[in-house]
Amino acid sequence: MVKKRKNSGKGQSGNNTSIQCSKCGRLVPRSKAKRVTRPTRLMEGVIAKELRQSGAIMPNGQSSRWYCVSCAVHSHTVKIRSSADRKKAGKL
Ligand SMILES: [Zn+2]
């Protein structure tokens, strides 16, 4: 069976909560939105390098952004799959 979304578009109870796209601000259902998590720098590169050389342990920062399908496709986060590929099971 073809599945569009991981949870078949249903949340745990009732309606999906809406999430605002980080790029265009459109409201999209949480199950439909694409989440991108990227590491962030907490300090400047030169300072971080010096601290690393002196033996300090650096904390890693992460920031996650939610995108609507249009913005995810436009920013090459998600690729458009052919109709045959869409029927294959795999990562949704
Ligand atoms: Zn968007």
Side-chain angles (χ1 to χ4, degrees):
M1 204 184 104
V2 180
K3 270 181 83 177
K4 256 188 173 177
R5 304 183 196 172
K6 222 180 234 179
N7 61 358
S8 307
K10 292 173 186 172
Q12 289 202 319
S13 61
N15 291 334
N16 262 314
T17 49
S18 290
I19 277 184
Q20 204 167 18
C21 173
S22 308
K23 205 168 192 181
C24 68
R26 182 184 288 166
L27 282 174
V28 281
R30 195 186 182 96
S31 67
K32 195 175 189 179
K34 305 293 172 189
R35 186 174 158 190
V36 179
T37 307
R38 292 211 171 102
T40 52
R41 285 183 188 174
L42 296 175
M43 54 188 75
E44 291 285 321
V46 181
I47 300 166
K49 194 178 175 185
E50 283 177 15
L51 281 170
R52 225 180 293 124
Q53 282 172 349
S54 65
I57 297 167
M58 311 288 290
N60 290 326
Q62 275 192 336
S63 70
S64 49
R65 307 180 114 213
W66 291 88
Y67 292 120
C68 67
V69 173
S70 309
C71 290
V73 168
H74 185 72
S75 60
H76 304 289
T77 309
V78 179
K79 287 178 184 169
I80 299 170
R81 295 180 295 168
S82 66
S83 56
D85 282 351
R86 271 179 259 152
K87 286 174 185 165
K88 286 179 194 167
K91 196 183 175 190
L92 296 172

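For ligands, and for the atoms within them, numbers begin at 1 and follow the listed sequence. All figures in this text were calculated on a predicted structure; none of them were measured in a lab. Starting from 1, each residue takes its place in the sequence as its number. Heavy atoms only: backbone and side chains are in, while hydrogens, waters and symmetry mates are out.
- Residues passing the side chain to side chain contact (heavy atoms under 4.5 Å, CB included) test with Ile80 are Val73, sequence neighbours excluded.
- Expressed to the nearest 0.5 Å, how far CZ of Arg30 lies from OG1 of Thr17 amounts to 5.0 Å.
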Side-chain donor-acceptor pairs under 3.5 Å in residues 45-69, sequence neighbours left out?
unit_1: Ser54; atom_1: OG; unit_2: Glu50; atom_2: O; d: 3.4
unit_1: Ser54; atom_1: OG; unit_2: Leu51; atom_2: O; d: 2.8
unit_1: Arg65; atom_1: NH1; unit_2: Tyr67; atom_2: OH; d: 3.3

message: Pair Ser70, Arg26 - check side-chain contact (heavy atoms from CB on, under 4.5 Å), show working.
response: CA-CA 10 Å; Ser70 309; Arg26 182 184 288 166; 3.2 Å; yes
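- Around the Zn ion (ligand 1), the protein atoms of type N, O or S found under 2.8 Å away are Cys21 SG, Cys24 SG, Cys68 SG, Cys71 SG, listed by chain and number.
- With sequence neighbours excluded, the residues satisfying side-chain hydrogen bond (donor to acceptor under 3.5 Å, both in side chains) with Ser75 are Thr77.
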